[in-house]
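Structure first, commentary second.
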Amino acid sequence: RPSGELICRGIQRRPVIGYLSLLESMRYLEVGGYYKTPQFPIWVVGSTSHFTILFGDASCLQESPSDRILERVRRAFKQMDGGEEQGFISLDQLGDFLRKLDLYDKLGDHGVQTL
């Protein structure tokens with residue numbers, strides 16, 4: 001990359017334990033959604049000077065229906081964005097994006113053009 005940025009790609013499935021970072025709140029890095037919702041309610045929490053282990057009960061891992069929808073939309077958007085993380089997709093990609101979310105048939109061609 002010309003800007004010198006390093007972009008790392010995340011894991012493809014939920015890990016056994018998770019990871020959270022104080023550096024994410026400062027926007028130095030982004031911890032992926034799979035690390036935030038591990039298979040078991042155990043997280044390694046990284047700060048600038050040490051690591052901590054955080055435990056919870058099974059209710060910590062229960063996602064609401066809106067959380068699941070939001071994560072699905074984020075993943076589809078990132079696929080359409082090409083991993084560049086520019087924050088937008090082109091208008092000609094809108095139909096494919098809606099197909100990934102199984103929304104295209106509900107809107108139809110006219111609905112997509114209206115958007």
Side-chain angles (χ1 to χ4, degrees):
R1 305 196 119 220
S3 66
E5 286 183 21
L6 172 65
I7 295 181
C8 299
R9 301 288 177 230
I11 59 174
Q12 301 301 311
R13 59 186 166 87
R14 291 173 53 204
V16 176
I17 64 170
Y19 180 75
L20 302 170
S21 176
L22 176 66
L23 297 175
E24 184 171 28
S25 66
M26 295 183 261
R27 297 187 179 258
Y28 287 124
L29 61 85
E30 179 180 346
V31 175
Y34 284 149
Y35 277 116
K36 293 177 183 176
T37 57
Q39 294 175 28
F40 297 100
I42 303 169
W43 292 267
V44 174
V45 182
S47 76
T48 56
S49 62
H50 66 282
F51 293 98
T52 303
I53 303 295
L54 180 67
F55 298 89
D57 62 13
S59 67
C60 296
L61 299 175
Q62 293 178 355
E63 292 181 293
S64 70
S66 63
D67 288 338
R68 286 190 293 273
I69 291 169
L70 181 59
E71 187 60 29
R72 190 170 155 226
V73 169
R74 281 186 182 150
R75 290 188 187 284
F77 190 88
K78 281 187 177 186
Q79 285 178 346
M80 297 304 299
D81 187 307
E84 294 296 318
E85 300 188 23
Q86 298 291 325
F88 66 91
I89 57 175
S90 64
L91 186 58
D92 61 328
Q93 293 177 303
L94 182 59
D96 291 336
F97 176 71
L98 294 172
R99 279 186 190 90
K100 286 185 180 296
L101 297 171
D102 296 324
L103 294 174
Y104 190 88
D105 293 334
K106 294 174 185 171
L107 293 173
D109 287 331
H110 179 70
V112 172
Q113 291 171 0
T114 303
L115 289 176

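Positions are given from 1, in the same order as the sequence printed here.
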Pairwise distance CZ(R74) to CD1(I69) - rounded to 0.5 angstrom:
13.0 Å
Heavy-atom check, side chain of I53 versus side chain of V44, under 4.5 Å
yes
On a heavy-atom basis, which atom in R14 and which in P38 lie closest, and how many Å separate them?
NH2-O, 2.6 Å
I'd like to know if L29 and Y34 are part of one continuous hydrophobic network [Ile/Leu/Val/Met/Phe/Trp/Tyr, side-chain heavy atoms within less than 4.5 Å].
yes
Does atom OH of Y19 have more than 12 heavy-atom neighbours from other groups under 6.0 Å away?
yes
Counterpart residues, salt bridge (Lys or Arg N to Asp or Glu O under 4.0 Å), relative to K36 (two or more places apart)
E24
Grouping I, L, V, M, F, W and Y whenever their side-chain heavy atoms are under 4.5 Å apart, do I11 and I17 come out in a common cluster?
yes
W43 CH2 to T37 OG1 distance, which is reported to the nearest 0.5 Å:
8.5 Å
Tell me, do L101 and V73 make a side-chain contact under 4.5 Å, heavy atoms counted?
yes
If Ile, Leu, Val, Met, Phe, Trp and Tyr residues are connected whenever their side-chain heavy atoms lie under 4.5 Å apart, and connections chain through other members, are L23 and V31 in the same group?
yes
Got a second to check how far L70's CG is from F77's CZ, nearest 0.5 Å?
12.0 Å
Taking a hydrophobic cluster as the set of Ile, Leu, Val, Met, Phe, Trp and Tyr residues connected by side-chain heavy atoms closer than 4.5 Å, whether directly or through intermediates, do V45 and F55 fall within one such cluster?
no
same_hphob_cluster(Y35, F51) at 4.5 Å side-chain heavy-atom cutoff:
yes
Non-hydrogen atoms of A58 and P41 that approach each other most closely:
N-CG, 4.3 Å
CZ/R68: more than 12 non-hydrogen atoms of other groups inside 6.0 Å:
yes
